[in-house]
Structures are given as structure tokens and as C-alpha cells.
Visitor: 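Just dropping this structure here.
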Amino acid sequence: MELLYGQIRDYAWGSRSAIAELQGRSVPSAGPEAELWLGAHPGAPASVERAGVRVSLCDLLLAEPGHWLGERGMDRFGTRLPFLLKVLAADAPLSLQAHPDAEQARAGHEADAVRAAGLRNYVDPYHKPELLVALTPFEALCGFRDPAVSAEALAAFGVPELAPVVDALRTGPAGLRAAVRTLLAWPVERRVDLLAAVVATPADSPDAALARELAAVYPADPGVLVALLLNHVRLVPGEAIWMPAGNLHAYLRGCGVEIMAASDNVLRGGLTPKRVDAEELLRVLRFEVLDQPVCGARPVAPGVDCWPVPVDDFALHRVRVSAEVPSVTLTQPGPRVVLCAAGSVTVDDGLGAVTLASGQAGIGTAGGGPLRISGDGAAYVATSGLR
């Protein structure tokens with residue numbers, strides 16, 4: 001194991017305190033700090049030290065892919081790290097979005113090769129399932145809720161123009177596609193008036209409060225109403241949301257550990273000034289009700305939890321060590337990225353040991369042995385899902 005130095009992304013929706021507090025720095029930070037990236041994404045690769053100089057993990061993978069990824073990893077994923085681990089800290093809503101499955105991504109990337117750059121949706125041929133585990137109380141929108149509930153929420157606004165959407169929703173899950181299509185196709189010149197009418201109604205409910213909050217930032221964005229078709233979840237630390245292909249979601253506020261398949265394929269559905277390709281989004285979305293969007297941690301050993309996911313690009317374990325559980329050993333094969341989220345932990349893979357304070361990370365190659373973690377703190381361990 002050796003220290004891994006991540007990069008902080010300064011997106012405007014980022015927090016000025018969460019990542020700084022995690023790392024023990026003064027707050028507020030000089031600017032928004034939205035995400036800490038701990039992986040080999042070419043846009044912001046993490047680095048390790050070599051002879052006193054920090055070297056990009058991308059460069060190291062390129063030079064020694066077998067050393068870092070191992071034979072099994074290269075057979076399955078090629079010469080790329082298949083996952084990206086992040087700390088995400090949101091003080092404002094992120095865009096509504098969904099991601100393609102692997103087949104859609106491959107086909108879309110191939111088709112996009114002949115399209116103008118500004119019209120491309122697929123920047124790589126990979127899927128992008130995601131898992132987010134809350135470090136603090138966390139709010140998000142995740143998956144479609146019962147359309148009958150959404151129909152009553154929209155009807156309560158008393159806005160006649162929404163009647164076609166309400167009618168579609170009252171037909172059940174089969175009407176979700178028509179409801180989303182109608183909202184996203186709302187004439188541009190009428191969007192401001194529609195949302196103004198919605199927020200002006202005296203409806204007093206969580207849905208009305210959410211609509212007002214979102215419309216204050218996006219007063220001409222029909223995504224404000226699409227958001228009301230989704231589950232509004234409030235996570236406590238340790239709870240998670242799983243976002244497979246076709247799941248429409250958005251983060252609203254809070255800090256969490258996020259792990260995803262290494263891809264940049266995003267199809268947006270609103271709450272953004274960026275391009276929305278409504279037809280492609282509709283093709284990718286899974287119009288099915290997600291009855292239980294929140295995933296609890298599953299204990300797998302004393303001091304160890306995980307959140308199982310049905311993909312082999314990544315797996316995430318949480319390790320908590322203390323006087324009661326002074327050390328744990330994980331046998332998941334490398335490469336492994338370890339983030340200390342509280343206290344201090346020492347991580348040893350048999351090839352080397354590093355001691356991590358809160359907000360620090362380490363990485364180990366595929367050649368490392370069982371991972372022993374000791375100390376007094378909490379850590380998140382990211383690996384591929386291969387066994």
C-alpha cells in the first residue's frame with residue numbers, strides 16, 4: 001500500500017465545508033469543493049509519489065498495467081481501472097440524470113462517432129452504475145415512485161395545464177413514459193409560466209416545498225416537475241442508494257462516498273443548463289416503480305459492512321476498527337483504494353503499510369495479499385467486484 005493523492009473538483013454546487021472538514025482543513029474553503037476523485041479518470045487522476053514527485057495513476061497504469069490490475073483484471077477490464085471512488089459533497093441540487101447499460105453504451109458510442117461533437121451523448125463505450133453511501137444526512141431523488149402518488153401530488157397544484165400528465169400517471173406505471181415525455185417536451189416559451197403557476201399555488205406539502213426549492217434555481221426547467229415523479233429519499237449515515245442503468249436520479253444535498261463504474265456517459269433530464277437529449281433519455285430510462293430505493297449496510301464480518309451490487313466493476317466495503325475490533329482482514333483482490341473517513345487507520349497489504357488520517361487515501365496493486373486494517377477509525381475499501 002502507498003498514499004494516494006486525489007484531486008478536488010470545484011463544481012459550483014459543491015460544499016465549502018464537507019470535504020475540508022473530512023480532511024481536517026479550515027472552513028469555509030476558498031471555493032466550492034464538490035468531489036474528491038480517487039481513481040484513474042483522465043480528467044482528474046489521482047497520483048502517487050515516485051522519487052519525491054507525484055505521478056499520475058493514469059501514467060502508471062499505462063506503463064505497468066499488469067502490475068496494477070493483475071491478469072484477471074486485465075482479462076475482464078483491459079488496461080483501465082474499472083471503478084472510480086469519490087467523496088461527493090453537495091450544497092445545491094445536481095442535474096436529473098440516468099446512465100446507459102453496457103450494450104446501450106457500446107452501441108451509442110459507435111453511433112456517436114459520426115455525430116458532431118456537440119450532439120454526442122456517449123463519450124466512451126462503458127456503462128456507469130453508481131452507489132452512494134451517506135457520510136452525513138443526505139437527500140436525493142432516486143427512481144420512480146408509485147405514479148398514483150405522483151398524480152395526486154401534481155393534481156394538488158390545481159394547474160389545468162398539468163391535466164394530461166396527471167391523466168397519464170393515473171394509468172399506472174404504463175403511463176410514466178408519456179408523463180415524462182409530455183413534461184420534457186413542454187414548449188420552451190411556456191415553461192416559465194407553467195412553473196410560476198405551480199409555485200404560486202397554496203399547496204402545502206413536501207412535494208410543493210421541493211418544487212419551490214428547485215424552481216427558485218431553475219425557473220424555466222420542466223425537470224422541476226419530472227423530479228416530483230421520483231422517490232425523495234433522506235439517508236442517514238451508512239444508508240445507501242443504488243443507481244443501475246436506466247435509473248433516473250439526482251442528488252440534492254449532503255456528503256457521501258460514491259463509487260461507480262469508470263465512465264462519463266450521462267444522459268440529463270433537467271435541473272441543468274446543459275444539453276438535454278429528451279429522446280435518447282426516454283430510450284434509456286427504465287419506466288418501472290422503485291419501491292425501496294434505500295439500501296442498508298449488510299454486515300459481513302465483525303467491523304465490516306458492504307452494500308452488494310449486481311455488477312463486477314466495483315465493490316465497496318466499510319471497515320470500522322476500535323478497541324472492540326482492533327483489526328480486520330479483507331481478502332478481496334486488488335487493486336484496492338482505501339479512504340479513511342474518520343479517525344486513523346493503518347492499512348497493510350503485505351507489500352507495504354500506510355497510516356491514513358481522515359480524508360486521506362491509499363492504494364495497493366493487484367499483487368498485494370490480504371488487506372489488514374487496524375487502528376481506531378473508519379475506512380471505505382473500493383475494489384473491483386471480481387473474486
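Just so we're clear, the structure is a prediction, and the values are computed from it rather than from any experiment.
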Visitor: In terms of hydrophobic clustering (I, L, V, M, F, W, Y; side-chain heavy atoms under 4.5 Å; direct or indirect links), are V217 and L271 co-clustered?
Guide: yes
Visitor: The test is salt bridge (charged side-chain N to carboxylate O under 4.0 Å, His left out); show your working for R191 and E189 and say whether it passes.
Guide: CA-CA 6 Å; R191 292 177 178 179; E189 66 276 9; over 6 Å; no
Visitor: I'd like to know if the side chain of R320 and the backbone of G377 have a donor-acceptor N/O pair within less than 3.5 Å.
Guide: no
Visitor: In this structure, would L22 and V27 fall into the same cluster of hydrophobic residues linked by side-chain contacts under 4.5 Å?
Guide: no
Visitor: Between V159 and V192, is there a shared hydrophobic cluster once you connect ILVMFWY residues whose side-chain heavy atoms come closer than 4.5 Å?
Guide: no
Visitor: About how many Å separate OG of S29 and CD1 of I8, when rounded to the nearest 0.5 Å?
Guide: 8.0 Å
Visitor: Just wondering, do V48 and R54 contact through their side chains at under 4.5 Å, heavy atoms?
Guide: no
Visitor: List, one per line, each side-chain donor-acceptor pair under 3.5 Å for residues 60-71, sequence neighbours excluded.
Guide:
none

Visitor: Using 0.5 Å steps for rounding, measure from the OH atom of Y122 to the OG atom of S263.
Guide: 10.0 Å
Visitor: Answer yes or no: is there a side-chain heavy-atom contact under 4.5 Å between L290 and E288?
Guide: no
Visitor: Answer yes or no: are there more than 12 heavy-atom neighbours, outside E110 itself, under 6.0 Å from its atom CD?
Guide: no
Visitor: Which pairs with one or both residues in residues 26-44 pass salt bridge (charged side-chain N to carboxylate O under 4.0 Å, His left out), sequence neighbours excluded?
Guide: R25-E33, E35-K86
Visitor: Test side-chain contact (heavy atoms from CB on, under 4.5 Å) on L252 and L210 and set out the steps.
Guide: CA-CA 10 Å; L252 300 179; L210 178 61; 4.1 Å; yes
Visitor: For a 4.5 angstrom cut-off between non-hydrogen side-chain atoms, does D312 reach R76?
Guide: yes
Visitor: Indicate yes or no: at least one non-hydrogen side-chain atom of L229 is less than 4.5 angstrom from one of L154.
Guide: yes
Visitor: Between the main-chain N or O of K274 and the side-chain N or O of T272, is there a donor-acceptor pair closer than 3.5 Å?
Guide: yes
Visitor: Mind checking whether L36 and Q23 have side chains closer than 4.5 Å, heavy atoms only?
Guide: yes
Visitor: Taking C-beta and beyond as the side chain, do Q7 and P45 meet within less than 4.5 Å on heavy atoms?
Guide: yes
Visitor: Please determine whether side-chain contact (heavy atoms from CB on, under 4.5 Å) holds for the pair N247 and C142, giving the CA-CA distance in whole Å, both sets of side-chain angles, and the decisive distance to 0.1 Å.
Guide: CA-CA 7 Å; N247 172 291; C142 183; 3.8 Å; yes
Visitor: Are T355 and T346 close enough, and set up right, to give a side-chain hydrogen bond (donor to acceptor under 3.5 Å, both in side chains), and what steps lead you there?
Guide: CA-CA 4 Å; T355 297; T346 297; 2.9 Å; yes
Visitor: Got more than 12 heavy atoms from elsewhere within 6.0 Å of CG, D75?
Guide: yes
Visitor: If I compare all heavy atoms of A20 with all of S26, which pair ends up nearest, and what's the gap?
Guide: CB-O, 3.8 Å
Visitor: Determine which pairs satisfy ring-ring contact (aromatic ring centres under 6.0 Å, His included) with at least one residue from residues 208-242, sequence neighbours left out, and list them in order.
Guide: none
Visitor: Evaluate the salt bridge (charged side-chain N to carboxylate O under 4.0 Å, His left out) criterion for residues R145 and D207: first the C-alpha distance (whole Å), next the side-chain angles of each, then the deciding distance (0.1 Å), finally the verdict.
Guide: CA-CA 13 Å; R145 64 180 176 178; D207 292 299; 3.0 Å; yes
Visitor: Does some side-chain heavy atom of R298 sit less than 4.5 Å from a side-chain heavy atom of D305?
Guide: no
Visitor: Has R80 got its NZ or CZ under 6.0 Å from the middle of the six-membered ring of Y126, at an angle within 45 degrees of the ring axis?
Guide: yes
Visitor: Got a donor-acceptor contact below 3.5 angstrom from the H249 side chain to the A98 backbone?
Guide: no
Visitor: Report yes or no: do D264 and H41 form a side-chain donor-acceptor pair below 3.5 Å?
Guide: yes
Visitor: If we ignore hydrogens and angles and just use 3.5 Å, is the side chain of T136 paired with the main-chain N or O of G254 as donor and acceptor?
Guide: no
Visitor: Can you list every pair that meets ring-ring contact (aromatic ring centres under 6.0 Å, His included) and has a residue in residues 303-347, with sequence neighbours left out?
Guide: none
Visitor: Quick one: do E103 and R106 satisfy salt bridge (charged side-chain N to carboxylate O under 4.0 Å, His left out)? Show the steps, please.
Guide: CA-CA 5 Å; E103 182 178 347; R106 284 192 296 269; 5.6 Å; no
Visitor: Let me check something: do L176 and V224 share a hydrophobic cluster, defined by ILVMFWY side-chain heavy atoms less than 4.5 Å apart, either directly or through other members?
Guide: yes
Visitor: If you compare all heavy atoms of V311 against all heavy atoms of P129, which two are closest, and at what distance to 0.1 Å?
Guide: CG1-CG, 4.1 Å
Visitor: Of all heavy-atom pairs between R16 and A30, which one has the smallest distance, and what is that distance?
Guide: NH1-O, 3.0 Å
Visitor: Distance alone, cut at 3.5 Å: any donor-acceptor contact between the side chains of S47 and S56?
Guide: no
Visitor: Per the salt bridge (charged side-chain N to carboxylate O under 4.0 Å, His left out) rule, what does the pair list look like for residues 213-239, sequence neighbours excluded?
Guide: E213-R253
Visitor: Using a 3.5 Å cut-off and no angle test, enumerate the donor-acceptor pairs between side-chain atoms of residues 113-120 and protein atoms at least two apart in sequence or in another chain.
Guide:
unit_1, atom_1, unit_2, atom_2, d
R115, NH1, D112, OD1, 2.2
R120, NE, D112, O, 3.2
R120, NE, R115, O, 2.9
R120, NH2, R115, O, 3.0

Visitor: Suppose clustering is done on Ile, Leu, Val, Met, Phe, Trp and Tyr with side-chain heavy atoms closer than 4.5 Å. Which residues sit in the same group as V289?
Guide: none
Visitor: Which value, rounded to the nearest 0.5 Å, describes the distance between L316 atom CG and F83 atom CZ?
Guide: 9.5 Å
Visitor: Got a sec, which hydrophobics cluster with M260, joining ILVMFWY side chains under 4.5 Å apart, including via others?
Guide: Y11, W13, W37, L84, L88, L94, L132, F138, V233, L235, I241, M243, Y251, V294
Visitor: Is it true that F287 and L225 fall in one hydrophobic cluster, defined by side-chain heavy atoms closer than 4.5 Å?
Guide: yes
Visitor: Would you say the side-chain atoms of Q104 and H99 include a donor-acceptor pair closer than 3.5 Å?
Guide: no
Visitor: Could you identify which residues cluster with V321, counting Ile, Leu, Val, Met, Phe, Trp and Tyr as linked when any side-chain heavy atoms lie under 4.5 Å apart, either directly or through a chain of such contacts?
Guide: M1, L3, Y5, V300, V304, V319, V325, V328, L330, V338, V345, V347, V354, L356, L371, I373, V381
Visitor: How does the hydrophobic cluster around V236 look, that is, which other residues are in it when side-chain heavy atoms under 4.5 Å mark a link?
Guide: none
Visitor: Show me the pairs that pass ring-ring contact (aromatic ring centres under 6.0 Å, His included) and involve residues 168-215, at least two apart or across chains.
Guide: none
Visitor: Consider only side-chain N and O atoms of H127 and D313, and report whether a donor and an acceptor are under 3.5 Å apart.
Guide: yes
Visitor: Is it true that E161 and R190 have a side-chain N and a carboxylate O under 4.0 angstrom from each other?
Guide: no
Visitor: Would you name the heavy atoms of A261 and K128 that are closest together and state the gap between them?
Guide: O-CG, 3.9 Å
Visitor: Has D349 got a side-chain atom pairing as donor or acceptor with G352's backbone, closer than 3.5 angstrom?
Guide: yes
Visitor: Below 4.5 Å, heavy atoms only, C-beta onward: do L183 and L162 meet side chain to side chain?
Guide: yes
Visitor: Which pair of non-hydrogen atoms, one from S15 and one from A18, has the smallest distance, and what is that distance?
Guide: OG-N, 3.0 Å
Visitor: If you look only at pairs with a residue in residues 365-385, which of them pass as a salt bridge (charged side-chain N to carboxylate O under 4.0 Å, His left out), with sequence neighbours excluded?
Guide: none
Visitor: Could you tell me which non-hydrogen atom of A323 sits nearest to which non-hydrogen atom of P326, and how far apart they are?
Guide: O-CD, 3.9 Å
Visitor: Would the distance check show the side chain of T171 and the main-chain N or O of A174 forming a donor-acceptor pair, the cut-off being under 3.5 Å?
Guide: no
